[in-house]
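What you see below is based on every heavy atom in this structure, not just the backbone, and it leaves out hydrogens, waters and symmetry mates. Residue numbers run from 1 in the order of the sequence given.
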Amino acid sequence: MITVISPSKSMDMEPSNVTDFTEPVFLARSQELITQARKLSTSQLMEFMAISEKLAELNRQRFLDWQMPFTPDNAKQAALAFTGDVYDGLDAGTLKPADRTFAQKHLRILSGLYGLLKPLDLIQPYRLEMGRPLKTRNAQNLYGFWKTLITEELNQTPGDVLVNLASNEYFKAVDAKKLNKEIISPVFKDEKNGTYKIISFYAKKARGAMARHLIETRAKTTADLLNFSKDGYAYNPELSSPSKPVFTRSEAKA
């Protein structure tokens with residue numbers, strides 16, 4: 001079983017106390033994207049990314065500063081560098097060493113710049129959402145740039161089940177028709193005025209919490225996934241299908 005999650009826009013690059021690290025498998029391809037991104041001015045980045053001038057200046061400087069080789073002095077492990085709701089739920093910094101070892105084999109992070117990351121892969125700070133239409137020599141956008149590479153890499157990972165905890169924007173970078181695994185996409189819903197709805201903030205955190213659950217329980221089967229009960233969520237068979245198990249939480253438990 002392999003699990004995929006999305007990256008985040010926010011990052012914390014302060015050094016961690018985790019000393020283990022690995023190198024992203026597609027760094028040479030990332031360099032191609034960096035070369036293209038460096039051609040964009042601050043004003044072009046503002047339009048391209050739909051961000052403020054201050055953020056555009058920050059990310060333009062990040063593209064200019066990006067350099068290999070990656071070391072713990074200029075980069076940080078991906079699962080520890082990304083912050084935000086999903087990563088609050090994952091809380092990778094508190095995983096035990098044995099859990100980190102398991103996560104290296106069974107958790108992947110989709111990325112607009114790096115393609116596909118293991119949790120301990122070193123990354124340098126960036127912002128490049130998968131949905132942005134960055135053109136390269138052989139592709140009109142990042143989906144075209146990454147889809148075959150990501151899918152082939154996932155096909156080489158162990159197990160016959162892929163748990164999709166990524167956003168729609170990022171999972172579109174996987175060619176589901178060519179994936180050699182069954183895809184299971186959990187859904188998290190919270191009760192609001194008597195009705196169960198997807199509330200983005202809670203759903204994102206629950207995705208991270210489920211990723212952690214699958215790591216800590218050494219999940220191998222769908223039954224292991226359905227046992228998820230973190231933060232008041234529970235499997236709801238009435239709302240579920242085999243490919244989209246739904247986990248609900250009442251207002252009282254939120």
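In the hydrophobic clustering (ILVMFWY side chains linked at under 4.5 Å, chained through shared members), Leu80 is joined by Val18, Leu120. When hydrophobic residues (I, L, V, M, F, W, Y) are linked wherever their side-chain heavy atoms come within less than 4.5 Å, the members clustered with Tyr196 are Val187, Ile198, Leu239, Val246.
Residues passing the side chain to side chain donor-acceptor pair (under 3.5 Å) test with Arg62 are Asn59, sequence neighbours excluded. In terms of the ring pair (Phe, Tyr, Trp, His ring centres under 6.0 Å) criterion, residue partners of Phe188 (sequence neighbours excluded) are, by chain and number, Phe228, Tyr233, Phe247. Taking the side chain to side chain donor-acceptor pair (under 3.5 Å) definition, one finds that Gln44 meets it with Ser41, sequence neighbours left out. Partners of Ser52 under the side chain to side chain contact (heavy atoms under 4.5 Å, CB included) rule, at least two apart in sequence or in another chain, are Lys54, Leu55. Evaluation of the ring pair (Phe, Tyr, Trp, His ring centres under 6.0 Å) rule for Phe102 yields His106 as partners, not counting sequence neighbours.
For Asp88 and Arg212, the salt-bridge test fails: no basic side-chain N is under 4.0 Å from an acidic carboxylate O.
Each ring-ring contact (aromatic ring centres under 6.0 Å, His included) pair with one or both residues in residues 30-59, not counting sequence neighbours, would appear here, but there are none. Residues in residues 73-92 take part in these ring-ring contact (aromatic ring centres under 6.0 Å, His included) pairs, two or more places apart or across chains: Phe82-Tyr87. Sorted by first and then second residue, the side chain to side chain donor-acceptor pair (under 3.5 Å) pairs with a member in residues 135-154 form an empty list; sequence neighbours excluded. Note on residues 26-39: pairs passing side chain to side chain donor-acceptor pair (under 3.5 Å), not counting sequence neighbours, are Arg29-Glu32, Gln36-Lys39.
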I'd like a table of donor-acceptor pairs (distance under 3.5 Å, sequence neighbours excluded) in which one partner is a side-chain atom from residues 166-173, with atom names and distances.
unit_1 : atom_1 : unit_2 : atom_2 : d
Ser167 : OG     : Ser6   : OG     : 3.2
Ser167 : OG     : Tyr170 : N      : 3.4
Glu169 : OE2    : Met130 : N      : 3.4
Glu169 : OE2    : Gly131 : N      : 2.9
Tyr170 : OH     : Met130 : N      : 3.3

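Atom NZ of Lys118 has more than 12 neighbouring heavy atoms from other residues, nucleotides or ligands inside a 6.0 Å radius.
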